[in-house]
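Take a look at the structure below.
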Protein chains: 2
Amino acid sequence: MRISELSRRSGVPITTIKYYLREGLLHAGRATAPNQAEYDESHVRRLRLVRALVGVRGLSVGAAKEVLGGVYEREGDPHRVLGLVLGATADAADTGDAAEDAESPRMPEVDALLDALGWQVSDGAPGKAVVARTLDTLAELGTDYDWKRLVPYGELAARIAAVDLDGIEGIRDPLEMAERALVLTVLLEPALMALRRLAQEHQSAARRGAGPEGPDAPGAPAGGVSPSPAP
Amino acid sequence: MRISELSRRSGVPITTIKYYLREGLLHAGRATAPNQAEYDESHVRRLRLVRALVGVRGLSVGAAKEVLGGVYEREGDPHRVLGLVLGATADAADTGDAAEDAESPRMPEVDALLDALGWQVSDGAPGKAVVARTLDTLAELGTDYDWKRLVPYGELAARIAAVDLDGIEGIRDPLEMAERALVLTVLLEPALMALRRLAQEHQSAARRGAGPEGPDAPGAPAGGVSPSPAP
DNA sequence: CCATGATAGATAGTGGCACTGTCCACTAGC
DNA sequence: GCTAGTGGACAGTGCCACTATCTATCATGG
């Protein structure tokens, strides 16, 4: 198909498609002439993904490019894909200043946290820098927040990751698996945080009504957390 | 103190402080003359918080204003504070278009999800719209993603919320409690997602090496992830 | 008293980013 | 041939988070 049909089917304006092509978010079509190129389903699919990442999720164009590059270049290796995809994501706020990422005064605390959780991750994992920076920010705010308080969060994060990996377990096609991994991790983030807030609201109301007792509300519905197998 | 000292102590340029004053992110000082005002510790504290929200977390100025307004206007009611603070946060991508938030074709699915989880939340909770939009995006991408797949995430979100609420349980001072709630929910978000990614990496490697078994690493050969003390 | 510097308030400007408009040479398809 | 469409290039737009500058005070030291 040509660019006008690509635009029609993806809902993205032609000029924006050209922009994405320039920026490397979309792979070029097969050129049939100096001013003619042929696009296919993969372009439609990828355009929709780009719009989801940039428009819905709010990723910057640069971050989206990195993420997509990671997915489509190593589609054969799910583990590698996971690492790259999620590494490039990090957060909207960490654009630039990649140099100081590696060195943070709180990195030892992060290592202690990972050790306490029993996790084995690569040294350069960007997530470590994010955690370090968060600890740093909390300290600057005067909050006495120790890395130990992140341990329960880490344990729950492990369960979330288990659900994530279960979600891509059965996919055979490498490309589809990579895309699914990307979608599950990146696009689900706002939903997860929204669920957290909804749960906070629910439990806050429940605790208010039932007294300041333990985390699980006494008789109340309290969130219906089923006892999933031990982490 | 005067504005120059406020600038020095908070690390925020004077011009930026004026900007925040204009935008309502910082409460005005006590005016002592047409061109003189007195600032105090509360301004220093709040400025640091603003910088954390806007700079580190990447919140828009408008969103930060809403969040802070919610915190400092109803400091007496923790439950109310939670609701407002977390409501205003939502996500960076949902600025504008607040009108269509209420009506989403997928809202019934979200209600079904909340029902399955046993949660009781207010109808206008912004988190619901975020979840609805995520389901919508996933559907547009052709992913066959049912709301039922969010149930395990919801259960884990409930546990996270329980940890969150535990973290603000014992605080007596209402203002401090409100601030802590804000910090725990908003500033911790990137860290939580980073932990999720780190856990994915760890477990992906573990599953790869040990087959499709449990999320915990088998023997954990303890590579270079030792908790080295401060350099 | 008055020079000096800081201050509040207002207005305009800056730089970055994600597009968007426009122009050109050329091609496809009638 | 003729018209609509195309790829490529480049400038322009709108938004946003600041930032610079200007003015009319005000505070203080000498």
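The shown structure was predicted, so the numbers you read here are calculated from the model rather than taken from an experiment. Naming: A, B, ... by sequence-line order, numbering from 1 per chain.
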Record whether the side chain of Lys18(A) comes under 3.5 Å of the base of dA9(D) through a donor-acceptor pair of N or O atoms. no

Salt bridge between Glu201(B) and Arg196(B), side-chain N to carboxylate O under 4.0 Å? no

Do NZ/NE/NH1/NH2 and the carboxylate oxygens of Glu38(B) and Arg2(B) come within less than 4.0 Å? no

If you only use heavy atoms from C-beta on, which nucleotide in dC19(C), dC18(D), dT7(C) is closest to the side chain of Tyr19(A)? dC19(C)

Which whole-number value in Å describes the distance from Ile17(B) CD1 to dT19(D) C1'? 13 Å

How close or far is atom P of dA9(D) from atom CD1 of Ile14(A), stated in whole angstroms? 17 Å

Just to be sure I understand the rule, does Ala37(B) reach a base, reach only the sugar-phosphate, or reach nothing, if contact means heavy atoms closer than 4.0 Å? sugar-phosphate

5'-most contact on DNA chain D (nearest-nucleotide basis), Gln36(A) vs Gln36(B), goes to Gln36(A)

Has Tyr39(A) got a side-chain N or O lying under 4.0 Å from the OP1 or OP2 atom of dG7(D)? yes

Closer than 4.0 Å, any side-chain N/O of Tyr20(B) to the OP1 or OP2 of dC18(D)? yes

Can you identify which nucleotide, out of dT6(D), dC26(D), dA6(C), has its nearest atom closest to the Ser4(B) side chain? dA6(C)

Starting at atom CZ of Arg51(B), determine the distance to atom P of dA17(D), rounded to an integer number of angstrom. 12 Å

Quick check for you: among dC19(C), dA17(D), dA18(C), whose closest atom lies nearest to any side-chain atom of Ser60(A)? dA18(C)

With a 3.5 Å cut-off and heavy atoms only, can you find an N or O donor on one side and an acceptor on the other between the side chain of Arg2(B) and the base of dT28(D)? no

Taking the side chain of Pro13(B) as its heavy atoms from C-beta onward, which of dA8(C), dT19(D), dA17(D) lies nearest to it? dT19(D)

Leu26(B) atom CG is separated from dA8(C) atom C1', nearest whole Å, by 14 Å

With distance as the sole test, does Ser104(B) use its side chain to make a donor-acceptor pair with the main-chain N or O of Arg106(B) at under 3.5 Å? yes

Treating Gln36(B) as the side-chain partner and Ala31(B) as the backbone partner, does any N or O pair qualify as donor plus acceptor under 3.5 Å? no

Relative to the 5' end of DNA chain C, which residue comes earlier, Ala33(A) or Arg22(A), by the nucleotide with the nearest heavy atom? Arg22(A)

Leu21(B) CG to dA8(C) P, straight-line distance once rounded to whole Å: 8 Å

Using atom CG of Leu53(A) as one end and atom P of dC17(C) as the other, report the distance to the nearest whole Å. 18 Å

In the structure I gave you, are the side-chain heavy atoms of Leu47(A) and Tyr39(A) within less than 4.5 Å of one another anywhere? no

Can you tell me if Thr32(B) touches the phosphate of dC26(D), counting only side-chain N or O atoms and a distance under 4.0 Å to OP1 or OP2? no

Taking 4.0 angstrom as the limit, do Asp40(A) and Arg30(A) come out as a salt bridge? no

Could you tell me whether Thr15(A) contacts a base, only the sugar-phosphate backbone, or nothing, with contacts defined as non-hydrogen atoms closer than 4.0 Å? base

What is the distance from CD of Glu23(B) to P of dT19(D), rounded to the nearest Å? 14 Å

Without decimals, in angstroms, what is the distance between Met1(B) CE and dA6(C) P? 18 Å

